[in-house]
Visitor: 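Would you mind keeping the following structure in view while I ask a few things?
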Number of protein chains: 2
Amino acid sequence: MLQIIEGALNSKMNLKQLSEILGLSQTTVSRALNGYPEVSEGTRVRVQAAAQKHGYRPNSRAKGLATGRSMVIGHVIPSSSQHEMVNPIFGDFVAGAARKYAEYGYDLMFTNADDTSIEEAYRSLFQRGAVDGVVLQGPKVNEPRIAVLKRMGVPFIVHGRSTGVDTPYDWIDVNNKSSFLRATRFLIDLGHRRIALINGLEDMDFAQRRRAGYLEALKQAGLAADPELMRSAEMTEVYGHHESRGMLQLENPPTAILASSMISAIGVRRALDEAGLKMGRDVSVIAHDDDLSYLKNGQDVPIFTATRSSVRHAGEMAAEMLIERIKFPDDAAKSKLLEAELVVGRSTGPVPNRT
Amino acid sequence: MLQIIEGALNSKMNLKQLSEILGLSQTTVSRALNGYPEVSEGTRVRVQAAAQKHGYRPNSRAKGLATGRSMVIGHVIPSSSQHEMVNPIFGDFVAGAARKYAEYGYDLMFTNADDTSIEEAYRSLFQRGAVDGVVLQGPKVNEPRIAVLKRMGVPFIVHGRSTGVDTPYDWIDVNNKSSFLRATRFLIDLGHRRIALINGLEDMDFAQRRRAGYLEALKQAGLAADPELMRSAEMTEVYGHHESRGMLQLENPPTAILASSMISAIGVRRALDEAGLKMGRDVSVIAHDDDLSYLKNGQDVPIFTATRSSVRHAGEMAAEMLIERIKFPDDAAKSKLLEAELVVGRSTGPVPNRT
DNA sequence: CGTTGCATCCAAAGCGCTTTGAAAGTGAGT
DNA sequence: ACTCACTTTCAAAGCGCTTTGGATGCAACG
């Protein structure tokens, strides 16, 4: 008996077979399962029980063909051909989004595309009817993909924003400018005057905004920005280490460092250790913390003073906004600006007295 | 003119429309595009040009329905409901796999499932016809999902292996046992006798194998294993820190630590720093390095002595093996065992003289 | 000139579902 | 008894593709 049920659960059964077993038409069975009102409660129960028993699952391709919707959302991972870098926030963002997708009955489809073929990847995904909407990640300044997606007419949401693009579009972003403004001001208030910025790649929109916040805070405090103290590259540990190390050897080294990610902050920390400096006492460090699941910023007391904003949460919200957009394609563009939280940890302290 | 072409590129055109434009039947157009021989070279060229010009892309759902294949491969991310942890290797593994999928014309579909519904997730993915094959990640000892997938008849490959499962199945794995055996022996050769193991979760198959390698090396050297020095949990930075810290406070603390991931090794390093110990001099550390793109183990000289094996490469190979399996469902089970490379960095050194 | 064989092309069926338009059944109202 | 208004069910069309089983035309052959 168990055998039979298990066998049934493993077999692929289709509507036709199921309706024959039930002695009903495909129409009725379909309606019963999809909750249409034109079917009596009795038969509905009977149909659902049979579907359950035989492990019937509507073929999603057929369903998609018939309904014109694929119930799939596309993500494109731009795997930079040069550095082969996968953004570490990727996993958590996707996990958040996927959770919401599942909730609303959507699947998530990925495509890997190198820098040169990203547009093509989106186009293919949508025009083949493979997805109902897409997520655009890691927008640059003047991001050209936004216009492309607009023209294609595919519902989409941007994780981040793009300075210079003035057509309206949906986005969700952290307030990078205010985060870094606050972080910088916090350091200034602690007496720091030589504050370094170890930022992400310059053409990334978030990096621009963070720098803007940083510069604004300096300006408000009447401090001049020193180009020597502003670095930018892909946010790896090695890079954080390398730049810090370089700056610590300057004639007039920084007493505080702002890092655009926890990963590069770990590199900063390593450079400090190597230089025999104690983080929080000799040099203060503030990191931006995406609250990644495998890289929590300490347990009770945070390791790093940080501007924190959960990227997983952003993924969830992005998913919801996109699904809303798919449902109402003609609504006005929506956006959501998340404020990062400034958590104070052990990595910051008053500026040391120069001997 | 450009306008027209762009418009065409953005519109969704179907086979029927295209064949009408060409004055050919759908059959011929379809055959021309799919490389069948029953079509003259002249018309083939004409058809391809028209398809190109009008931006025709066959609807993948319709195609799937007709062919019975979806050209999609499924991954399930088990988002542990308790700790909400996303495996950091996830991104790189997927990037590797997705690249190969694209090469062979496959798409990649994700599903998020919590611990309790993973089986259901796989079942749904396959029986709905949404995927042609699936990848099983993070197998535990006696992994029950393997039998489930076998019974369902879905082509699959396991990233890792599962001790205790004796039915044959496809897998690709790093030789965890030999890696950790060599790493441990390396430490023993340096004179270390108190060697700690900071491992992954105990029920994970890879963790068992690593421990086996570690124990074997100790045994070969005639050393007794101390349960106090063997820890296991989810491989976060915080965990690496916490366990190291605990062990360093033991009466007879370890002089060397093996860490199951770079992330936890970073936590180990932090604990050493806090304790005022210098890594490589006071305490040696060896980490397992998945060669993640954002967490390279130094540039020229590795930071950590490590057992290295690229998880991105594993993703690529897994993809190829799975595609092969889909093509030949009845071939005998295949497997691939990758040997990790032992790279010597700055984190190891001879055992210090106890004072 | 009638066949044969081959190269091209096509009409139509079918993949598994949803949905339209209609038919059959049921009970109330006159 | 007969109509009316539902309720419940169904047959068939259609989604966009592939593929089967011809049809057509043409050159070559006897």
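Quick caveat, the model's predicted, so the values are computed rather than measured. The sequence lines fix the lettering, A, B, ..., with proteins before strands; numbering per chain opens at 1.
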Visitor: Is the shortest side-chain N/O distance from B:Thr43 to OP1 or OP2 of C:dT8 below 4.0 Å?
Guide: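 Checking C:dT8 against B:Thr43, no side-chain N or O comes under 4.0 Å of OP1 or OP2.
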
Visitor: Taking the minimum atom-to-atom distance to the side chain of A:Ser30, which one of C:dT19, C:dC15, D:dT19 wins?
Guide: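 For the A:Ser30 side chain, the nearest candidate turns out to be C:dT19.
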
Visitor: Does a nitrogen or oxygen in the side chain of B:Thr28 sit under 4.0 Å from OP1 or OP2 of C:dC10?
Guide: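 So the side-chain polar atoms of B:Thr28 do come within 4.0 Å of the phosphate oxygens OP1 or OP2 of C:dC10, strictly under.
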
Visitor: Check whether any side-chain N or O of A:Ser40 sits under 4.0 Å from OP1 or OP2 of D:dT7, and answer yes or no.
Guide: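 So the side chain of A:Ser40 is outside the cut-off, no N or O lying under 4.0 Å from OP1 or OP2 of D:dT7.
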
Visitor: Return the nearest nucleotide to the side chain of B:Thr27; candidates are C:dT19, C:dC17, D:dT20.
Guide: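 So the nucleotide nearest the side chain must be D:dT20.
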
Visitor: Between B:Asp92 and B:Ser293, do the side chains contain an N or O donor and an N or O acceptor separated by less than 3.5 Å?
Guide: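 Checked: B:Asp92/B:Ser293 side chains pair up, N/O donor to acceptor below 3.5 Å.
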
Visitor: Could you say whether B:Leu65 or B:Pro37 is positioned toward the 5' end of DNA chain C, judged by the nucleotide with the nearest heavy atom to each?
Guide: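 Result of the comparison: B:Pro37.
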
Visitor: Between atom CG in A:Leu22 and atom C1' in D:dT8, what is the gap in whole Å?
Guide: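 Whole-Å distance recorded here is 15 Å.
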
Visitor: May I ask you to evaluate whether B:Lys63 reaches the phosphate of D:dT18, defined as a side-chain N or O under 4.0 Å from OP1 or OP2?
Guide: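 The answer is yes; a side-chain N or O of B:Lys63 sits under 4.0 Å from OP1 or OP2.
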
Visitor: Measure from CG on B:Leu18 to C1' on D:dT18 and round the result to the nearest Å.
Guide: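 Rounding to the nearest Å, CG of B:Leu18 and C1' of D:dT18 are 15 Å apart.
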
Visitor: Going by an N to O cut-off under 4.0 Å, is there a salt bridge joining A:Glu316 and A:Lys100?
Guide: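 Answer for the salt bridge query: no.
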
Visitor: Does a nitrogen or oxygen in the side chain of A:Tyr36 sit under 4.0 Å from OP1 or OP2 of C:dT18?
Guide: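 No, no such contact exists.
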
Visitor: Between B:Arg161 and B:Asp205, does any side-chain N to carboxylate O distance fall below 4.0 Å?
Guide: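 Between B:Asp205 and B:Arg161 there is no salt bridge, as every charged N stays at least 4.0 Å from the carboxylate O atoms.
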
Visitor: Does the cation-pi check pass for B:Lys12 over A:Phe126, that is, NZ or CZ under 6.0 Å from the six-membered ring centre and within 45° of its axis?
Guide: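 Geometry flag: set, cation within 6.0 Å and 45°.
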
Visitor: Would the distance check show the side chain of A:Ser162 and the main-chain N or O of A:Glu143 forming a donor-acceptor pair, the cut-off being under 3.5 Å?
Guide: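 Side chain of A:Ser162 to backbone of A:Glu143, a donor-acceptor pair under 3.5 Å: yes, one is there.
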
Visitor: To the nearest Å, give me how far apart CE (A:Met13) and P (C:dC17) are.
Guide: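 Taking atom P of C:dC17 as the reference, CE of A:Met13 is at 11 Å.
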
Visitor: With respect to the phosphate group of D:dT18, does any side-chain polar atom (N or O) of B:Asn34 fall under 4.0 Å of OP1 or OP2?
Guide: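 Yes, such a contact exists.
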
Visitor: Please determine, for the side chain of A:Glu38, which listed nucleotide (D:dT8, C:dG16, D:dC10) has the closest atom?
Guide: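 The answer is D:dT8, which lies nearest to the side chain.
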
Visitor: Send over the distance from B:Gln26 CD to D:dC17 P, rounded to a whole Å.
Guide: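 After rounding, the gap between these two atoms is 8 Å.
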
Visitor: Atom CD of A:Glu20 to atom P of C:dG16: distance rounded to whole Å?
Guide: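 Whole-Å distance recorded here is 12 Å.
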
Visitor: Would you tell me if any nitrogen or oxygen in the side chain of B:Thr67 comes within less than 4.0 Å of OP1 or OP2 on D:dT18?
Guide: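 So the side-chain polar atoms of B:Thr67 never come under 4.0 Å of the phosphate oxygens OP1 or OP2 of D:dT18.
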
Visitor: Check the distance between C:dG16's P and A:Leu33's CG and give it to me in whole angstrom.
Guide: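 For the pair A:Leu33 CG and C:dG16 P, the rounded distance is 17 Å.
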
Visitor: Looking only at the side chain of A:Arg31 (C-beta and beyond, no hydrogens), which of the listed nucleotides D:dC17, D:dC10, C:dC17 gets closest?
Guide: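 Among D:dC17, D:dC10, C:dC17, the one nearest the side chain of A:Arg31 is D:dC10.
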
Visitor: With a 4.0 Å cut-off, would you call B:Glu119 and B:Arg123 a salt bridge?
Guide: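 Salt bridge present between B:Glu119 and B:Arg123.
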
Visitor: Among C:dT19, C:dC10, D:dG14, which nucleotide has an atom closest to any side-chain atom of A:Ala66?
Guide: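 Of the candidates, D:dG14 comes closest.
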
Visitor: Heavy atoms from C-beta onward define the side chain here; which of D:dT9, D:dT18, D:dG16 lies closest to that of B:Asn59?
Guide: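 From the listed options, D:dG16 comes nearest.
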
Visitor: With a non-hydrogen cut-off below 4.0 angstrom, is A:Gly23 in contact with a base, only sugar-phosphate, or nothing?
Guide: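 Contact class for A:Gly23: sugar-phosphate only.
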
